[in-house]
Structures are given as structure tokens and as C-alpha cells.
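Read the structure below first, then the notes.
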Amino acid sequence: MILETEIKFLAGIGPKRAEILKKELDISTFKDMLYTFPYRYIDRTKFYKVNEITEDLPYIQFKGKITRIENIETSRNKRLIAYAADDSGEIQLVFFKGIKWVKSKLHTNAEYVFFGKPNVFKGQINIIHPETETISDENNQINSNIQAVYSCTERLKDNFIGTKAFNRFQSSLLTLVYDKIDETLPEYIISQYKLISLKNALLNIHFPQSPELLEKARFRLKFEELFYIQLSLLSQRLNRMQKNSGFIFSKIGDNFNSFYKNNLSFELTNAQKRVIKEIRKDFATGKQMNRLLQGDVGSGKTLVALICMLIAIDNGFQTCIMAPTEILANQHYQTINDFLKGIDVNVKLLTGSTKKSERKIIDTDLTSGKINILIGTHALIENTVQFSNLGFVVIDEQHRFGVEQRAKLRLKNTVSPHVLVMTATPIPRTLAMTLYGDLDISTIDELPPGRKNVKTVHLFETKRLQLFGFMRKQIKAGRQVYVVYPLIKESEKMDYKNLEDGYFTITQAFPPPEYVTCVVHGKMKADEKDFAMNYFASGKANILVATSVIEVGVNIPNASVMVIESAERFGLSQLHQLRGRVGRGAEQSYCFLMSDVKLTNEARKRMQLMVKTNNGFEIAEEDLRLRGPGDIEGTQQSGLPFNLKISNLAKDGKLLEYVRNIAFNILNEDNSLELNKNSLLRKIMEKNFKKQIDYSAIS
Ligand code: ADP
Ligand code: MG
């Protein structure tokens, strides 16, 4: 209970600082403060000599005597410079704010300990707004030689809430509440996994008594954080499986058999076979399937989906595929029709540009059950779309869809249809386990045989002529070329200018009638887009100039060159997706990343990684490391449903798998956490995870 006390009641805080803490760091109670963890530590046993202080040092401490204090007032600013000296030299301490307070606190000839980050200004090393304490000031009741450093905003610092203040707050707080911190993990888990107690962990995370204890404290806190998230996700999954009954597709019928025998001209990869097995198992359980299918671009996900649809159809059910763009829906429609030649399955396409008359026929045939496979865009989820017996739903490139849109598809039958969501934006394992921890995950980790890696080259503008020369050669050899420009919502105007200029440049360098170039961008009407795409797909155009609308799924095997303009403006997964548009045929394919010479470090790393690897999973892992989990492309929409205080999905993957297994075994033995030994788990789950959205109802 005491942990729920408002933070203003903690010694040294009061209402004004409480308000600032709330605003800046969302700290409103004792507990929030206790769970505000340091982001790094400094060795307090180390005192620098003034002449050792250099600009590149991080946060440091040194002892010094104030020799003089200068007030400086210019028309632009007011500042106070205090000179601190030890036997090795003198350094400037600069204050722009709280000058009065500093003056009253710092006295010449007195000795202090200063903490701060060294800077350099006009060749002089200084420290701006160092934290200061007198040598005898150390009145914290709890102390440590490893000093915690907290991340403080400017506004906090302006109000004298810096790291030292946090040390004092945490010290008074721990003194006050230490004995009242209740354990949050059951005894048996603590002993089995050799964890330290919560109390001890909280003490040591703020005031490490030794490096070993700091490590143990971190481990305990991360363990707990990730463990409860996994326990919650896995119990949701369990709930869903217990509650949601699903259709049983027990039969393997004519459509499936004749497709396998007559229509499949190649062998499925082992990964495809494995995934189909996994899905068939789900179809047999009597529980509703919610499965995520991950697989790199071109790994053959669509075919897996189609085979599973045939099973559903053989069992008397309707199926549908929802794709994020019309181009993609069209393409699925064509591919699936091609695949199904000679098989008596009725496939229809429904998008925003389906004509009214056609739409009427679809509506009728859908409710009568005449349509077996409906392919479409968002149009599929409209309430007017009524199936007679929808049994299986496939959602392509799921990250393009919002959460509610997916939920709506599930409601298209009285019993929820089985759901397969497919993504070619591989989500790193750790992220998938957190983001989709309640879904089952299948992975196609193998490309069809004979695929060649796309050769990837990073080029600057200076190499453009050579690039054009190379394009001409490829076109002469019968290949086709994509040239893609970035499209970013905030600056659409500029992007279209880029695209227009680009088109102009290309048609200058590749003049008609010798060369044919067409354009596709997001502002074109659907039928114009289709026309241009089809023109290119049919081989009538040599070059397609486009914005990233072609990113997802487009499949034109004869295109062997992908030129990405301003490549530095694309994220890694997007670059990888774009590159995936080539390398689909038998010929060697190429991807050129054109960029500015001036690149940020991150952009350079992205280019290097693209050149180095063709593996989407490797790229996704690196993306996670470079950008942090909240930012991974394709997951922004959903964001991370959990606020991680101490764990880092990019770094703590092993631990995550470890605790996920532990959580899994606990639930396996005790489904609804009814055993006595698990009562604490249940209590904490009810308290902390009740409000959470039911993610299982979403995908
Ligand atoms: P994805 O949707 O995963 O990007 P697709 O399903 O579009 O991949 O497959 C890419 C191409 O590979 C298609 O032309 C498809 O027909 C072909 N393909 C799929 N599976 C195989 C396989 N086992 N062997 C050879 N080609 C395959
Ligand atoms: Mg695809």
C-alpha cells in the first residue's frame, strides 16, 4: 500500500517537483519512482584529476576547490562561471540557470565533488551545470560505490532534479519502504531459477553493492518483466483455444488431390510442406486457428495459402484473401486463376473499383455459396459483404492492415473462421514472441531451389552514367527494369517532383521508341495503375518508374534490375521488400541503391547491410538493433503493447525465450493458475494484465 503513496510526500519533493516529475517522466507514486531505473552507472571510486578531463569522457566526477566566481552578462545571455581547481589544474563550471541558487551554494575556497559531462567550448574544457556536493554532504542513508545515473530531461535539470537528486530520492524511498516491498514471484520460481528477492533487486539496481549484485538485480528484474508478459500472452492463447471452437476440415478431397497431381509443376520446398502440415493439424483440432505465416519475399507463401484454401473448399467452406493494395489483389487473382486451371473452383475479385453490376453478381453468388474463393482489398470487410459459409481467411501482408479491420473479418461467420496472416516483413523472433505471442507462428525459412541471390550495389550519383549503360545492356538482353522513388506522406509534393524529374531523366536517357517507359504511383486511378502495371508485366515496357506502391508482392519474373533512388530515405525492411521484386526469374538479378554522398551513420549501415546479405530475417534482426523495437517497420501500427522498463528485445532475446518456456510449462501444468503455489502469479496477472486488450481477438 505504501508504494501507492503520491510522490509529493517523499522527502525533498513536494507538490511543485511532483508535478514536474509527473509531466516529464510519468512518475506519480512511490512505486513509479522505485521502478524508474538508471540507464547507466559510474564508478564512484574513481575521481578524475582536472588535467585528465577530456571532452570525450562520459559523465565523470572530480574533487575541486572553487577559486573564483565570475558573473558574465552579455546582451545575449547571462551566465555564471565558477573556476574549480585541484593540484593538477583548473576547469570552468558554467551555469546559465538558477544562478542565484548556485551563488548561495558555492563558496570560494570551499572544496566540492562535481559530477558532469565534459564539453569543449572555444578550445576550453568546461562542464555545464555540474551537479555539486560538499565533501561532507554525503548524507544518503544508502550508498554505493557504483553510482546510478538516471536519464533526466532538460526541464528536470532546470529544476535541480538531476542524477544526484534521484540518488537522494531513491535513498530516502528505499529506507522508507524496503521492508514493505512484497515479493512478486512465487518462492518456487525464485529458488528454482536462483533469483534474488525483489527487495534486494530494487536496492541493488539503484545502489549496487557490488558488480555481481548489480548483474543479479538486472537479471531478476528483466526475468520478471518478460516472464509476466509471456505468461499473459500465453494464457490468452490458451483461453482462446479453450473458448473459440473452430471448424474441422477433416477431408482431403478432389480439388486438393487434383491440384496436387495435375497443377503443381514443381516440388514444394520442405519448409512449405512443414507449414502445410502445421496448418492441417490446426484444421483438425476443432479450435479456431490463428496463425502467422512468416516467409521471405518469394518463399512461396501464396501457394501455401492456396493449398490450404483448397482443403477448406473440399470441406464445403468458402475462403477469402485480403490484400493491402489493388495491384496485389489483382495479382493474386491472376496467379490463383493460373494455378487453378482446369479445377472447378469459382474465384472472384472484389476491390474498390469493382463495377456495380459485377458487384451485384458477387453479392448474390457469395450468399448463395457459389463463390469458393473471394480475393480483394479492404472492400472485403465491408458489412455488405456476406458469405454463406466462410471457413478460412487469409490476410496477406498483415502489417498493412489495422487491428479492427482484421477483427472484422473474423466476424464474418457465426463460428470464427480460421485465420492465416502472412507477412514478408520477417519479424525477429523475439519481437514476434512479444507482439504476436498469442498467435502460433509458422516460418518458411527456405527459398524454392535455383533462386539466385540478388547482387546488390550501393552507388553515388557520380556513377549514374555507368548505371544507365548497365541498364541498356540488360534491356538489350530482354530484361526489364524498375526505378523506384521514395514516397513519404509528409512531403508528397516533393516526392512527386522527384518522380516527375526522374521520369524525365529516364526518358531522356532511354528515349522512345527504342525504349518504352511507364509510370505507376499512388495518385493514379486504379484502372490507370492496372493498365500501366499490366503493360509492364506483359513485357511491352522496358522500364517501370514507380513510387514504393510496388513494394509489396508484385511478381514479374522477367524484371531483373531494381534501381532504388534516394535509397537512404527507405528503411531496411522496405529496401528488402523492394529488392524482392527482382530475382524472381531464372536470370541473375541486380539491385542498385542510389544515394547521396552525405549519409548519416545509420543510413550507411543500412546500405552496407543490404549489400552484405539477402536474408530477410538477418535484416529484420539488424533493423531491430538499429532502430529499437518500437520502430520496426510494419509494427508501428500496433506498436509495442508493453512498456518495457528494463528489458530490451534486441538484446534480451535469449532470456525472453527462456522465460517464455518457463511460463509455458507453468500453464501446461496449471491452465488457469489455480494451484496453491501459483496463487501469487494469478493475483499479479489479475492486477496488472486485466486491462490489456485481448490481442487474440484481433488477428
Ligand atoms: P511470396 O508470396 O512468399 O513472396 P510467392 O508465393 O509469390 O512468394 O512465390 C514466388 C514465386 O515462386 C511464384 O512464382 C511461385 O509460383 C513460385 N514458387 C512457389 N513455391 C515454389 C516451389 N516450391 N518451387 C518453385 N517455385 C515456387
Ligand atoms: Mg506474396
Side-chain angles (χ1 to χ4, degrees), residues 256 259-279 291-310 319 321-325 327-341 343 347 373 375 394-401 420-427 441-454 480 482 533 537-539 548 550-560 562 573-587 589 591 614-617 619-620 634:
F256 180 92
F259 179 78
Y260 231 96
K261 219 167 59 213
N262 307 325
N263 294 46
L264 207 52
S265 56
F266 43 71
E267 177 87 4
L268 294 178
T269 62
N270 286 326
Q272 284 172 317
K273 286 182 190 160
R274 190 188 63 234
V275 170
I276 291 171
K277 230 184 238 162
E278 285 165 356
I279 295 172
R291 191 170 276 281
L292 178 74
L293 173 54
Q294 308 196 77
D296 216 336
V297 281
S299 61
K301 296 183 294 294
T302 314
L303 181 60
V304 167
L306 176 61
I307 289 174
C308 296
M309 286 194 286
L310 291 175
T319 64
I321 301 188
M322 181 162 77
T325 62
I327 292 181
L328 212 56
N330 270 320
Q331 192 181 280
H332 277 319
Y333 181 68
Q334 276 166 20
T335 322
I336 285 180
N337 270 321
D338 288 349
F339 260 132
L340 291 178
K341 267 195 191 115
I343 291 189
V347 187
I373 300 179
I375 297 170
V394 178
I395 301 174
D396 197 16
E397 306 296 345
Q398 58 78 31
H399 65 274
R400 294 294 175 111
F401 292 102
L420 182 70
V421 292
M422 306 199 292
T423 178
T425 306
I427 300 163
I441 299 178
S442 289
T443 305
I444 303 187
D445 49 7
E446 177 187 6
L447 294 179
R451 292 278 165 82
K452 293 191 181 113
N453 274 344
V454 178
Q480 290 165 285
Y482 292 103
M533 277 315 290
S538 67
S548 44
I550 62 148
E551 181 193 332
V552 275
V554 175
N555 187 22
I556 299 169
N558 190 47
S560 65
M562 166 63 68
S573 327
Q574 223 182 350
L575 289 171
H576 181 63
Q577 280 283 319
L578 285 170
R579 179 170 60 184
R581 297 312 105 219
V582 296
R584 303 185 146 245
E587 304 303 323
S589 291
C591 174
N614 266 262
N615 182 322
F617 284 94
I619 287 172

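All ligand and atom numbering here is 1-based and tracks the order in the structure.
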Exercise for the section: Report yes or no: does a heavy atom of S299 sit under 4.0 Å from some atom of ligand 1? Expected result: yes
Problem - Residue pair S589 / G583: nearest heavy atoms and the distance that separates them - result: OG-N, 3.0 Å
Handout entry: Distance-only side-chain donor-acceptor flag, S442 / E278, under 3.5 Å
Key = yes
Completion exercise
Test side chain to side chain donor-acceptor pair (under 3.5 Å), reference D296, set H576, K301, Q577, output is H576
Exercise for the section: Return yes or no for this condition: an N or O of G300 is under 3.5 Å from an N or O of ligand 1. Expected result: yes
Handout entry: Gap separating the CG atom of L268 from the OH atom of Y260, nearest 0.5 angstrom
Key = 4.0 Å
Fill in the blank from the handout: Taking only non-hydrogen atoms of L303 and a 4.0 Å limit, the atoms of ligand 1 in range are 6 (O), 20 (N)
Handout entry: ligand 1 atoms in contact with T302 (distance to a heavy atom under 4.0 Å)
Key = 2 (O), 5 (P), 6 (O), 7 (O)
Exercise for the section: Consider every N or O of L268 and every N or O of ligand 1, then say whether any pair is closer than 3.5 Å. Expected result: no
Handout entry: Where ligand 1 meets E267 - atom numbers and elements under 4.0 angstrom, heavy-atom basis
Key = 22 (C), 23 (N), 24 (N)
Practice task
Count the heavy atoms belonging to other residues, nucleotides or ligands that lie under 6.0 Å from NZ of K277, then report whether that count exceeds 12.
Solution key: no
Exercise for the section: For residues E446 and N270, report the shortest heavy-atom separation together with the two atoms involved. Expected result: OE1-N, 3.4 Å
Problem - Ligand-residue contact atoms, ligand 1 with F339, heavy atoms, under 4.0 Å - result: 16 (O)
Exercise for the section: Output the distance between atom CD1 (I375) and atom CG (N337), rounded to the nearest 0.5 Å. Expected result: 7.0 Å
Problem - Enumerated ligand 1 atoms positioned under 4.0 Å from heavy atoms of T269 - result: 23 (N)
Handout entry: I444 contact mode with ligand 1 (heavy-atom cut-off under 4.0 Å)
Key = neither
Exercise for the section: Would you mind listing which atoms of ligand 1 come within a distance below 4.0 Å of any non-hydrogen atom of D296? Expected result: 3 (O)
Exercise for the section: Examine ligand 1 and decide if any of its atoms is less than 4.0 Å from a heavy atom belonging to R584. Expected result: yes
Practice task
Have a look at F339 and tell me which of N263, L306, T302 forms a side chain to side chain contact (heavy atoms under 4.5 Å, CB included) with it.
Solution key: L306
